[in-house]
Protein chains: 2
Amino acid sequence: MSETSIRYVRMLEQVARWPRRVSCRELREKLAAEGFDVSKRTVERDLDKLSRWFPIVSDGASPQGWSWSREARGFELPAMSPATALAFLLLNEFSRPLLPNNMQSFLDEHLTRAREILEQTEKNQPGMSHWSELVAVVPRSQPLLPPKGDAEAIRTAYDALLEGCLFEAEYRAASRDLEPKTYRINPLGLILRDNVLYLACTLFNYEDIRLLALHRLGKARLLDEPGWSPKDFQLREYVASGAVDVLEGPEIELVADFERDAARHLSESPLSEDQQLEERGEDITRVTATVRNTRQLRWWLHGFGAAVEVIAPTELREEMAANARALLKHYG
Amino acid sequence: MSETSIRYVRMLEQVARWPRRVSCRELREKLAAEGFDVSKRTVERDLDKLSRWFPIVSDGASPQGWSWSREARGFELPAMSPATALAFLLLNEFSRPLLPNNMQSFLDEHLTRAREILEQTEKNQPGMSHWSELVAVVPRSQPLLPPKGDAEAIRTAYDALLEGCLFEAEYRAASRDLEPKTYRINPLGLILRDNVLYLACTLFNYEDIRLLALHRLGKARLLDEPGWSPKDFQLREYVASGAVDVLEGPEIELVADFERDAARHLSESPLSEDQQLEERGEDITRVTATVRNTRQLRWWLHGFGAAVEVIAPTELREEMAANARALLKHYG
DNA sequence: CGACAGAGCGACAGCGCCTGTCGCATCTCG
DNA sequence: CGAGATGCGACAGGCGCTGTCGCTCTGTCG
């Protein structure tokens, strides 16, 4: 079989979505690296031909820069299966309130495709409910509205992180009235907490690690300077060290008495691999499990209100007791 | 330009991933529907040619069934951008403990691709940290382990829902010792709650809506009978009606005093569009917002422990007070 | 068991698409 | 202003693609 058709497909792969562009010269080199040895003229002709069938465009400059048009509806091979499309929809419903909206935007093209797939599937199955009627999410936690940010600036931060270079951006501090300040930022990693994305980084030439909330960035531009890593920096260790405000405590042996209804779901979604449930009659289930002693744990236990009584460890029980006394002071 | 190359791409689109298969005859009809009028022989030849360049295989039966091989690494056009790949990674980190594992599996091929994209990007940027060092998630809620289910059975449920037909499966009731029973199931919709997927459906010829936990299904097979909708059934309304155990209450005007640190994140991730914050000195922030009166709301308020005092509405305040008294009884 | 329809596939000839080359116009940058 | 690079029209040759034909094989139905 002629290599021609295959070359076309590879060319389409090499052309990236707008605003990234590729020149004929680069394209020819990349193809050569894959074993397709063709003349410059052929590459030019191919791009011209492909642009008649696919939404790829040239910017008209010299040398020409080719890219997939911004709103091009792409596709994948093999095509997304309807079951996967359904999973995407569910994921979207589920994660919308839990994820920063700028992160959602990265998944949008996949969601668009998922909807197309389902619509197509539906055409063969008239009479069924519409796909949007097939999935629903009952949220686990109180939905909070995700913060809005400057999409352009956030993308720049992603790119800088990936390319390992510095960037410059304005940052509005948390206190509202302060003027935004411009920083030279050396990105080290992304941290997602609740529905806020933080960028771990260093500023200017300082060595200390800072956290910037991505949605407070603005007016960003990439710099042509390589990034660097403070010695021995490891994102996971940094997070585990508690710098992000949530202490990863040591493991403890938790013992707590739950009202039976409250404990029921733990039999299917256990707290830990070694969790044990013990019915103690009179509507009480005793739960024993090895868990990390975190703020989340307290939050979760508090959530049950009076439906749970912590038995051990004693320090935790004492904390819960103190909290109960403080609560009663509020409500007299 | 000849239509030949375009036809190849369309053919690759029509061929689905294993175990779904397509025959030469079907393929020819589909191509004809798209305007590619070619002879049967040509389709046969094309498939043979394409299989030399792409991981598509024939099952050897007669008539032959063609599909993308099971472990084929697909690709998409235009290619996934590195920023999107990073978002996928973050999403995966984030959602792993919150989603049923069977749902994760549907996203696996996209994750594989995301990792490839990042690895390729990294090759041009040596010296940077590895991509897995670029993202971290600090969970918002107590991580529970997602329940494990029969992947095959779950996929069958998805397929039945999409194709609008009945299926048959075993179901293990929540009480462990009961024998699994076999049901004829008419799927109506999927509901995700916490990290458990439920299938809204009717059983046999009954009219009443039931919820089955997907991970308790086993030994499923599609039936060749069309599904049906109970009259006036609407998934969203069904969920909103509180059938899924979480009551969607009416809207209330919540007024509550938070400790200042506890309220800080509400300035960026507000409870509602109309939320108002008011500093009341002495480390107290008063929050006013219109929210739904749900169990989640109580859960969320409880989570703060003594760091929040509900002022209005009075019924809710009374509930919180009662809870405080009950708590103190536990801890003496 | 036999007949028939449909599918797979090798062979072949002709058309037309793809390709490298050449030359000229245009653009960019020093 | 000039050198080097890029864009593109023209052209001829080669070979890849296509429909047709015929043979073989498989599965099905009576």
Side-chain angles (χ1 to χ4, degrees), chain A residues 1-16 18-69 77 224, chain B residues 1-16 18-69 77 224:
Chain A
M1 174 190 204
S2 88
E3 297 185 333
T4 312
S5 305
I6 311 301
R7 199 185 59 228
Y8 288 149
V9 176
R10 291 278 176 264
M11 285 181 76
L12 288 172
E13 268 190 286
Q14 299 288 355
V15 177
W18 198 91
R20 301 171 60 197
R21 288 167 300 164
V22 64
S23 71
C24 291
R25 182 201 182 76
E26 290 170 312
L27 209 39
R28 190 186 172 199
E29 283 164 9
K30 285 186 177 175
L31 288 175
E34 293 190 33
F36 298 100
D37 234 330
V38 290
S39 69
K40 172 177 73 84
R41 184 77 189 96
T42 299
V43 175
E44 291 166 357
R45 259 193 303 244
D46 288 350
L47 282 167
D48 187 44
K49 287 176 200 167
L50 286 172
S51 69
R52 275 177 229 156
W53 290 88
F54 297 94
I56 64 174
V57 292
S58 155
D59 60 1
S62 167
Q64 296 184 332
W66 289 86
S67 54
W68 284 76
S69 82
L77 300 175
D224 200 13
Chain B
M1 176 188 205
S2 86
E3 295 186 334
T4 312
S5 303
I6 311 302
R7 200 186 59 228
Y8 288 150
V9 176
R10 292 276 176 267
M11 285 181 76
L12 288 172
E13 269 189 285
Q14 300 288 354
V15 176
W18 199 90
R20 300 172 60 197
R21 287 167 301 163
V22 63
S23 71
C24 291
R25 182 199 182 79
E26 289 169 313
L27 209 39
R28 190 186 172 199
E29 283 163 10
K30 286 187 177 175
L31 288 175
E34 294 190 32
F36 297 99
D37 233 331
V38 290
S39 70
K40 170 176 75 82
R41 185 74 188 97
T42 299
V43 174
E44 291 166 358
R45 259 193 302 245
D46 288 352
L47 282 166
D48 187 44
K49 287 176 199 167
L50 287 172
S51 70
R52 275 177 229 156
W53 290 89
F54 297 93
I56 65 175
V57 291
S58 155
D59 61 0
S62 168
Q64 295 184 333
W66 289 87
S67 54
W68 285 76
S69 80
L77 300 174
D224 201 11

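Every chain is numbered from 1 and lettered A, B, ... according to where its sequence line falls, protein lines coming before strand lines.
- Rounded to 10°, the angle separating the first-five-pair axis and the last-five-pair axis of the helix from C/dC1-D/dG30 to C/dG30-D/dC1 equals 50°.
- The closest donor-acceptor contact from the side chain of B/Trp68 to the backbone of B/Phe54 lies at 3.5 Å or more, if one exists at all.
- Between B/Glu34 and B/Lys30 there is no salt bridge, since none of the side-chain N atoms of the basic residue sits less than 4.0 Å from a carboxylate O of the acidic one.
- Residues satisfying the salt bridge (Lys or Arg N to Asp or Glu O under 4.0 Å) test with B/Arg28, not counting sequence neighbours, are none.
- Rounded to an integer number of Å, the gap from A/Tyr8 OH to D/dC17 P is 11 Å.
- Taking atom CG on B/Asp59 and atom P on C/dA7, their separation rounds to 14 Å, with Å as the unit.
- At the phosphate of C/dT19, OP1 or OP2 sits under 4.0 Å from a side-chain N or O atom of A/Thr4.
- Rounded to an integer number of Å, the gap from CH2 of A/Trp53 to P of C/dC17 is 12 Å.
- We find that CD of A/Glu3 is positioned 13 Å from C1' of C/dC18, with the value rounded to whole Å.
- The side chain of A/Arg28 contributes no N or O atom lying less than 4.0 Å from OP1 or OP2 of C/dG20.
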Strictly under 4.0 angstrom, non-hydrogen atoms only: write out the protein contact profile of nucleotides 5-13 of chain D, one letter per nucleotide from the 5' end, B, S or -. -SBBBB---
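- The phosphate of D/dG19 (OP1 or OP2) has a side-chain N or O of B/Thr42 nearer than 4.0 angstrom.
- Distance B/Lys49 NZ to C/dG10 C1': 14 Å, rounded to the nearest Å.
- Between the CG atom of B/Leu47 and the P atom of D/dT18 there is a distance of 13 Å, rounded to whole Å.
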